[in-house]
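Just so it is clear: chains get the letters A, B, ... in the order the sequence lines come, proteins before strands, and each one is counted from 1. Note that the structure is predicted; figures quoted are calculated from it, not measured.
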There are 2 protein chains.
Amino acid sequence: MSPTTDRFVPPLIRRLRSTATLSETVVEAIRTLPVSLRSYEPGQEILRDGERPACCLAVVDGWVSRLKFLPGGGRQIIAFHIAGDLPDLQSLHLGVLDHGIAALTPCTVARIPHEALRELSARLPELAAVLWRESMIDAALFRGWLTANGRRSAYGRTAHLLCELSLRQRAVGLSTGRTCPMPLRQTDFADAMGLTSVHIARTLGALRKAGLITLQARTLTIHDWDGLCEAAEFDPAYLHLKSVDR
Amino acid sequence: MSPTTDRFVPPLIRRLRSTATLSETVVEAIRTLPVSLRSYEPGQEILRDGERPACCLAVVDGWVSRLKFLPGGGRQIIAFHIAGDLPDLQSLHLGVLDHGIAALTPCTVARIPHEALRELSARLPELAAVLWRESMIDAALFRGWLTANGRRSAYGRTAHLLCELSLRQRAVGLSTGRTCPMPLRQTDFADAMGLTSVHIARTLGALRKAGLITLQARTLTIHDWDGLCEAAEFDPAYLHLKSVDR
DNA sequence: CGTTTTGTTGAAGTTCCTCAAAGCTTGTGG
DNA sequence: CCACAAGCTTTGAGGAACTTCAACAAAACG
């Protein structure tokens with residue numbers, strides 16, 4: 001196996017196994033995919049809104065965000081992605097990208113040619129099903145965010161996002177215990193939840209004062225998971241994880 | 001052809017053709033799908049949150065909404081669906097439903113067994129691709145709503161939703177000219193956009209006073225499409241329609 | 001034609017925003 | 001290793017957007 005494959009495959013498999021059962025055949029097939037790696041600096045654009053990419057992306061390490069810009073200058077983050085995620089699987093069937101993809105932290109991203117994915121899926125329906133499922137989970141997260149942002153207060157919304165990001169990292173082994181990486185700036189929180197960074201500061205302060213979390217040095221510690229879930233009205237069903245142990 | 005098929009197929013084909021090119025083979029294949037029709041009254045539940053449906057739905061006539069309820073009593077509508085739409089295509093690969101599906105108006109819905117869809121897609125990769133694409137467009141709408149609700153004022157948001165619903169109906173031949181059906185109550189607008197129905201009343205009043213629309217007798221008339229688009233910062237790209245003529 | 005649902009309007013309250021300044025981190029070059 | 005700059009976070013004060021409560025008007029429905 002090439003060193004590229006060795007870096008690219010483990011996080012992806014880990015992610016796919018967190019939501020579905022993979023046969024060894026599929027794992028072996030994924031190992032044969034021809035990918036190229038590239039690294040990005042925070043803020044750097046990976047794919048531009050309106051592009052017609054010929055590859056799908058897989059996050060190898062670091063964090064990636066997907067975002068839309070409004071003509072009037074507004075910025076909305078629509079998703080955060082961690083190692084193992086496939087942030088633009090949809091481009092396989094949609095052609096034109098309807099949002100941008102950018103590095104949130106220093107990160108490494110693999111590019112998998114559409115061609116290769118299509119061929120392999122055609123030969124291996126099980127792989128096609130896994131990918132389709134993965135793209136459906138992507139959509140489920142949008143639904144989760146839509147209701148979080150639509151019907152929760154700033155306090156509940158923030159708690160909800162922290163629950164989600166903590167659980168997703170835990171599900172792929174990027175965190176254990178009560179602590180996890182949390183590299184988002186307050187402007188990132190703000191643009192994800194449709195608030196201002198000033199209000200995020202106050203809201204995080206309130207969550208801290210309530211004894212639910214601490215957030216410093218890009219690390220989140222959840223002191224009271226049940227309390228945070230309650231504040232968030234958090235129901236992890238929309239993440240479609242195989243096991244939701246805590 | 002059975003009378004059931006005769007009612008079910010035309011709107012679906014019309015919808016699929018609005019976003020993709022269909023071969024005659026695929027159209028013929030769709031005609032062979034075994035479906036059953038059922039009618040619902042406004043507000044009636046079609047599928048319940050948490051269910052594991054064994055069928056996909058296709059809207060035959062009327063409007064359907066997808067929604068989530070929060071423990072605290074909040075209600076968020078995450079999508080509106082019109083004739084030809086496939087409102088829970090995702091259940092084909094997701095198993096558990098993470099939201100409810102309900103009738104918005106009197107409507108007729110077709111049920112297509114997962115089994116039948118899977119078999120047919122396996123035999124006809126072109127059909128699988130069309131369905132996958134359709135489910136990706138569903139996700140694209142969530143992204144559109146997420147940014148609309150996150151980064152637009154009530155005024156812009158409302159304008160945006162009206163633009164979308166008008167254009168989607170136009171794309172499948174459910175409206176022509178400046179007018180289209182608009183059966184939503186103000187509470188439906190409110191629950192879709194994360195606002196209160198009282199504020200919707202004021203916002204619709206403002207759009208009316210600005211000379212952009214009139215909305216009465218469940219009919220929307222857009223007097224100034226360009227003006228409405230401008231107020232909405234509307235870019236139809238996220239609908240992924242084949243032609244966006246106006 | 002009465003009853004129920006839906007829409008409109010007013011007044012007061014809350015949440016969140018804007019503007020602004022100060023404190024804190026993080027990173028960089030000397 | 002320190003000094004400084006740049007970016008990020010915190011806090012305050014005032015304002016705008018949206019909500020709540022409430023009453024009434026207008027459709028829709030049987």
Side-chain angles (χ1 to χ4, degrees), chain A residues 41-44 63 70 72-77 103-106 148-162 181-210 213-220 231, chain B residues 41-44 63 65 70 72-77 103-106 148-162 181-209 213-220 231:
Chain A
E41 286 311 303
Q44 206 181 339
W63 288 50
L70 299 193
R75 188 178 94 121
Q76 174 73 41
I77 293 180
L104 192 79
T105 68
N149 292 358
R151 282 300 179 210
R152 276 179 253 254
S153 66
Y155 188 79
R157 241 182 267 195
T158 307
H160 195 269
L161 184 54
L162 294 178
M182 190 54 60
L184 310 195
R185 312 274 131 159
Q186 297 194 347
T187 56
D188 300 318
F189 280 111
D191 288 338
M193 297 190 280
L195 300 166
T196 58
S197 63
V198 173
H199 200 60
I200 293 294
R202 297 191 218 275
T203 306
L204 287 173
L207 286 167
R208 209 177 298 130
K209 261 164 222 149
I213 62 159
T214 55
L215 179 52
Q216 49 187 228
R218 311 290 135 214
T219 300
L220 170 69
Chain B
E41 287 310 304
Q44 206 181 338
W63 288 50
S65 64
L70 299 194
R75 189 177 91 122
Q76 175 73 42
I77 293 180
L104 193 80
T105 68
N149 292 359
R151 284 301 180 210
R152 275 178 254 255
S153 67
Y155 188 80
R157 241 182 267 197
T158 307
H160 194 268
L161 184 55
L162 294 177
M182 188 55 58
L184 311 195
R185 313 275 131 156
Q186 296 194 345
T187 57
D188 301 318
F189 280 111
D191 288 338
M193 295 189 281
L195 300 166
T196 58
S197 63
V198 172
H199 199 60
I200 293 294
R202 298 191 219 275
T203 305
L204 287 173
L207 286 167
R208 208 177 298 128
K209 262 164 223 148
I213 61 158
T214 57
L215 179 52
Q216 50 187 228
R218 310 289 136 212
T219 300
L220 170 69

Heavy-atom distance under 4.5 Å between the side chains of [X] and [Y], does that happen here?
| X | Y | answer |
| --- | --- | --- |
| A:L195 | A:R157 | yes |
| B:N149 | A:N149 | no |
| A:R185 | A:L104 | no |
| B:L207 | B:L162 | yes |
| B:L204 | B:I213 | yes |

May I ask you to verify if any side-chain N or O of [X] is less than 4.0 angstrom from the OP1 or OP2 atom of [N]?
| X | N | value |
| --- | --- | --- |
| B:T196 | D:dC18 | no |
| A:R152 | C:dT15 | no |
| A:Q216 | C:dT25 | no |

In this structure, how many angstroms lie between the [atom2] atom of [N] and the [atom1] atom of [X], rounded?
| X | N | atom1 | atom2 | result |
| --- | --- | --- | --- | --- |
| B:E41 | D:dC29 | CD | C1' | 13 Å |
| B:Y155 | D:dA16 | OH | P | 19 Å |
| B:H199 | C:dG7 | NE2 | P | 16 Å |
| B:Q186 | D:dT19 | CD | C1' | 15 Å |
| A:F189 | C:dC16 | CZ | P | 16 Å |
| A:I200 | D:dC8 | CD1 | C1' | 14 Å |
| A:N149 | C:dT15 | CG | C1' | 15 Å |
| B:R208 | D:dA26 | CZ | C1' | 13 Å |

* To do: Please confirm whether any donor atom in the side chain of B:R202 sits under 3.5 Å from an acceptor in the base of C:dG10, or the reverse.
  =>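 Yes.
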* To do: Select from A:R151 and A:G205 the residue whose nearest nucleotide in DNA chain D is closer to the 5' end of that strand.
  =>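 With A:R151 and A:G205 compared, the 5'-side residue is A:G205.
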Remember a base hit wins even if backbone is also touched, and classify [X] as base, sugar-phosphate or nothing at under 4.0 Å, heavy atoms.
| X | result |
| --- | --- |
| B:G43 | nothing |
| A:S153 | sugar-phosphate |
| A:R218 | sugar-phosphate |
| A:L204 | nothing |

* Taking the side chain of A:A154 as heavy atoms from C-beta outward, which of C:dA20, D:dT20, C:dC16 is closest to it? -> C:dC16
* Asked: If each of A:A217 and A:G194 is mapped to the nucleotide of DNA chain C with the nearest heavy atom, which maps nearer the 5' terminus, i.e. the 5' end?
  -> A:G194
* Let me know, please, whether B:R185 or A:L195 comes out on the 5' side of the other along DNA chain C by nearest nucleotide. =>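 Here B:R185 is the residue nearer the 5' end.
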